[in-house]
Structure formats: C-alpha cells, structure tokens
Amino acid sequence: MSGRRATAPRTLAVAAVLLASGALGFLWQRLTAPASSTLRVAAPSPAAAVAAPSAPPAALPERRVPESLPDFSLPGMDGVLHRLSDWRGHPLVVNFWATWCDPCRREIPLLVVLRREHRREGLEVVGIAVDFREPVEKFARHMGIDYPVLIGDKGGLEAVASFGMDTVLPFSVFADRRGRIVTLKVGELHRDEANLILENLRALDAGRLGLPEAREQIDAGVRRLAASRAGSPAAAAQ
C-alpha cells in the first residue's frame with residue numbers, strides 16, 4: 001500500500017507537468033538564464049502606458065530604450081532570415097508577443113485591423129513572437145495574421161533586450177519612417193491608444209510635429225486614456 005501511495009503523487013506531478021508544457025515549455029527552457037530574462041505577462045496598470053524613448057524604463061534603470069530601432073535578424077514563418085531594417089522607410093509597429101500570453105492574444109486582431117486601415121500610409125506591423133515556431137504558426141493561421149511575424153525561439157530574448165526592455169509581454173514599439181522610436185507601449189494595446197499614437201506619428205512624418213512634441217503628446221494622451229479606462233475622472237481630467 002505504501003508503494004501505491006508513493007507512486008500516486010509522482011504520477012499526478014508528471015501529469016501536471018505535461019498539461020502545462022504547452023504554455024510553460026518555453027519558460028522551462030529558460031530556467032537556467034538570469035532571473036531578469038524570465039518571460040512574464042505585463043500586469044495591467046493605468047500607469048503602464050508609455051515609456052518615453054529618451055528615458056530608461058522605471059523597472060530597469062540600468063537599461064535605456066534606444067533612440068532608433070536596433071537592427072537584428074530573426075527567421076520569419078517562411079523560414080527566411082529577415083532584418084528589422086528591411087522595413088525601414090515605413091511607419092512601423094513592432095509588437096513583441098507569445099501565444100501563451102493572454103493580453104498578447106487579445107491585441108492581435110487590433111494589429112491586423114490597424115495594418116489594413118493604414119495601408120495607404122505605408123504602415124507596417126511586424127510581430128516578434130518570443131515562442132516556439134509550431135504554436136506561433138498554428139495561432140497565426142487561426143487568427144488570420146497577414147503581417148510579417150518573426151520567430152524568436154532563438155534570439156527573441158536578445159531582441160527584447162536590444163530595446164532596453166525587461167522580458168515582459170506584450171509591448172509595442174512605434175517608429176517613424178526614419179526608424180526613430182517615437183514611443184513604446186507596455187502591456188495590451190487598445191484601440192484609442194493606437195489611434196492617438198498613429199495620429200501623432202502621421203503628423204511627425206508629415207513634418208507638422210517635431211519628435212519631442214510628438215513624444216510628449218503621446219505620453220500625456222496615453223496616460224489620460226489609461227486613467228479614464230481605470231475609472232478615475234480626476235486623473236483623466238489632468
């Protein structure tokens with residue numbers, strides 16, 4: 001009897017690991033990496049709006065968001081290596097995500113729609129999936145993702161770090177046609193935030209706004225929208 005009692009917990013433990021392997025397999029592979037390289041989902045917060053590229057993220061004072069898009073190469077779903085600089089000359093949204101990240105999954109339809117709505121302006125969306133190829137390809141087919149997706153099962157964490165970011169998902173980087181980072185949105189992207197950011201990005205590319213002004217207006221606007229979404233009328237009025 002004691003042998004059976006000892007075997008049962010082990011069997012349950014193995015079963016639990018197998019059930020969780022789809023979502024946690026990628027993280028398990030990274031357990032030997034430093035703690036700061038462990039992927040996690042961004043916690044929803046009214047304050048988690050825009051990190052100005054001119055200042056380092058609050059959580060990582062030793063890192064700095066670069067002024068311009070870093071260049072690196074990752075394989076696409078076509079199996080070919082693509083450089084981020086391949087999309088220079090387009091207003092650009094670079095979205096870091098993973099299939100096991102709920103807010104990442106929720107914002108994907110918005111990214112698909114934004115690319116279609118702003119196609120005439122040349123807007124391009126590039127998804128960087130810090131995940132395994134098989135679940136990414138399956139999810140992309142299911143969601144009808146028609147923008148380029150790069151696979152970061154190898155090199156994805158390095159790509160995250162090149163933006164001065166901790167490995168928190170999702171986050172979206174908005175850059176102008178010259179490759180200058182205009183803003184970086186941590187957490188799930190919402191329609192009102194995207195509209196505000198893209199409106200300022202258009203004004204910047206058209207020469208109606210300077211880069212510092214565009215960054216300031218986006219920062220203030222996204223914070224106001226986040227406060228309003230959180231149900232704080234006083235904060236939203238500021």
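This structure is a prediction, so every number in the text was calculated from the model and none was measured.
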*Asks:* Given side-chain contact (heavy atoms from CB on, under 4.5 Å), test Ile151 with Leu74 step by step and report yes or no.
*Replies:* CA-CA 6 Å; Ile151 311 296; Leu74 289 171; over 6 Å; no

*Asks:* Phe96: what forms a ring-ring contact (aromatic ring centres under 6.0 Å, His included) with it, not counting sequence neighbours?
*Replies:* Phe163, Phe171

*Asks:* Flag the pair Glu124 / Pro148 as yes when at least one side-chain heavy-atom distance between them is below 4.5 Å, and no otherwise.
*Replies:* yes

*Asks:* Quick check against the 3.5 Å criterion: does Asp166 have a side-chain atom that pairs as donor or acceptor with the backbone of Val168?
*Replies:* no

*Asks:* Quick check: do Arg191 and Leu114 have side-chain heavy atoms less than 4.5 Å from each other?
*Replies:* yes

*Asks:* Are Leu81 and Leu84 grouped together when hydrophobic residues (ILVMFWY) are joined by side-chain heavy atoms under 4.5 angstrom apart?
*Replies:* no

*Asks:* Less than 4.5 Å apart, any side-chain heavy atom of Val173 and any of Met165?
*Replies:* no

*Asks:* Got a donor-acceptor contact below 3.5 angstrom from the Asp131 side chain to the Thr99 backbone?
*Replies:* yes

*Asks:* Between Arg115 and Val125, what is the shortest heavy-atom contact and its length?
*Replies:* CB-CG2, 3.9 Å

*Asks:* Do His190 and Glu193 get their side chains close enough for a donor-acceptor pair, meaning under 3.5 Å?
*Replies:* no

*Asks:* Apply salt bridge (charged side-chain N to carboxylate O under 4.0 Å, His left out) to Arg83 and list each qualifying residue two or more places apart in sequence or on a separate chain.
*Replies:* Asp71

*Asks:* Applying ring-ring contact (aromatic ring centres under 6.0 Å, His included), can you list everything that pairs with Phe72, at least two apart in sequence or on another chain?
*Replies:* none

*Asks:* Looking only at heavy atoms, what is the nearest atom pair of Lys185 and Leu189, with distance?
*Replies:* CG-CD1, 4.1 Å

*Asks:* Passes side-chain contact (heavy atoms from CB on, under 4.5 Å), Ile108 versus Tyr147? Steps please.
*Replies:* CA-CA 10 Å; Ile108 293 290; Tyr147 54 78; 3.3 Å; yes

*Asks:* CG/Leu169 to CG/Asp102 distance, rounded to the nearest 0.5 angstrom?
*Replies:* 12.0 Å

*Asks:* If you take all heavy atoms of Ser172 and Val93, which pair is closest and at what distance?
*Replies:* CB-CG1, 4.3 Å

*Asks:* I'd like to know if Val113 and Leu111 are part of one continuous hydrophobic network [Ile/Leu/Val/Met/Phe/Trp/Tyr, side-chain heavy atoms within less than 4.5 Å].
*Replies:* no

*Asks:* With a 4.5 Å cut-off on side-chain heavy atoms, are Val112 and Asp146 touching?
*Replies:* yes

*Asks:* Which residue, Arg178, Arg215, Arg180, forms the salt bridge (charged side-chain N to carboxylate O under 4.0 Å, His left out) with Glu67?
*Replies:* Arg215

*Asks:* Quick one: does any side-chain atom of Ser228 pair with a main-chain N or O of Leu225 as donor and acceptor, under 3.5 Å?
*Replies:* no

*Asks:* Could you walk me through whether Glu121 and Leu201 satisfy the side-chain contact (heavy atoms from CB on, under 4.5 Å) test, starting with their C-alpha distance in whole Å, then the side-chain angles of each, then the deciding distance to 0.1 Å, before giving a yes or no?
*Replies:* CA-CA 11 Å; Glu121 302 163 22; Leu201 192 56; over 6 Å; no

*Asks:* Is it true that, when you exclude Glu134 itself, more than 12 heavy atoms of the residues, nucleotides or ligands shown sit nearer than 6.0 Å to its CD?
*Replies:* no

*Asks:* Looking at every heavy atom in both Ile181 and Pro66, which two are closest together, and how far apart are they?
*Replies:* CD1-O, 3.3 Å

*Asks:* What pair of heavy atoms forms the shortest contact from Arg116 to Gly144, and how long is it?
*Replies:* NH2-O, 4.1 Å

*Asks:* Using salt bridge (charged side-chain N to carboxylate O under 4.0 Å, His left out) as the criterion, list what pairs up with Arg106, not counting sequence neighbours.
*Replies:* Glu188

*Asks:* For Ala220, what residues pass the side-chain contact (heavy atoms from CB on, under 4.5 Å) criterion, not counting sequence neighbours?
*Replies:* none

*Asks:* Could you tell me the separation between the CG atom of Leu211 and the CD atom of Glu216, rounded to the nearest 0.5 Å?
*Replies:* 10.0 Å

*Asks:* Drop me the distance from Arg177's CZ to Leu123's CG, to the nearest 0.5 angstrom.
*Replies:* 9.0 Å

*Asks:* Under a single-linkage definition using a 4.5 Å side-chain heavy-atom cutoff for Ile, Leu, Val, Met, Phe, Trp and Tyr, are Leu209 and Leu184 assigned to the same hydrophobic cluster?
*Replies:* no

*Asks:* If I take atom CG from residue Leu69 and atom CZ from residue Phe174, how far apart are they, to the nearest 0.5 angstrom?
*Replies:* 12.5 Å

*Asks:* What about Trp97 and Phe139, are their ring centers closer than 6.0 Å?
*Replies:* yes

*Asks:* For Thr183 and Asp219: C-alpha separation, side-chain torsions, deciding distance, then whether side-chain contact (heavy atoms from CB on, under 4.5 Å) applies.
*Replies:* CA-CA 8 Å; Thr183 195; Asp219 180 72; over 6 Å; no

*Asks:* What are the two closest heavy atoms between Val182 and Ala214, and how far apart are they?
*Replies:* CG1-CB, 4.4 Å

*Asks:* Kindly write out the residues that satisfy salt bridge (charged side-chain N to carboxylate O under 4.0 Å, His left out) with Glu137, not counting sequence neighbours, or none if the list is empty.
*Replies:* Arg133

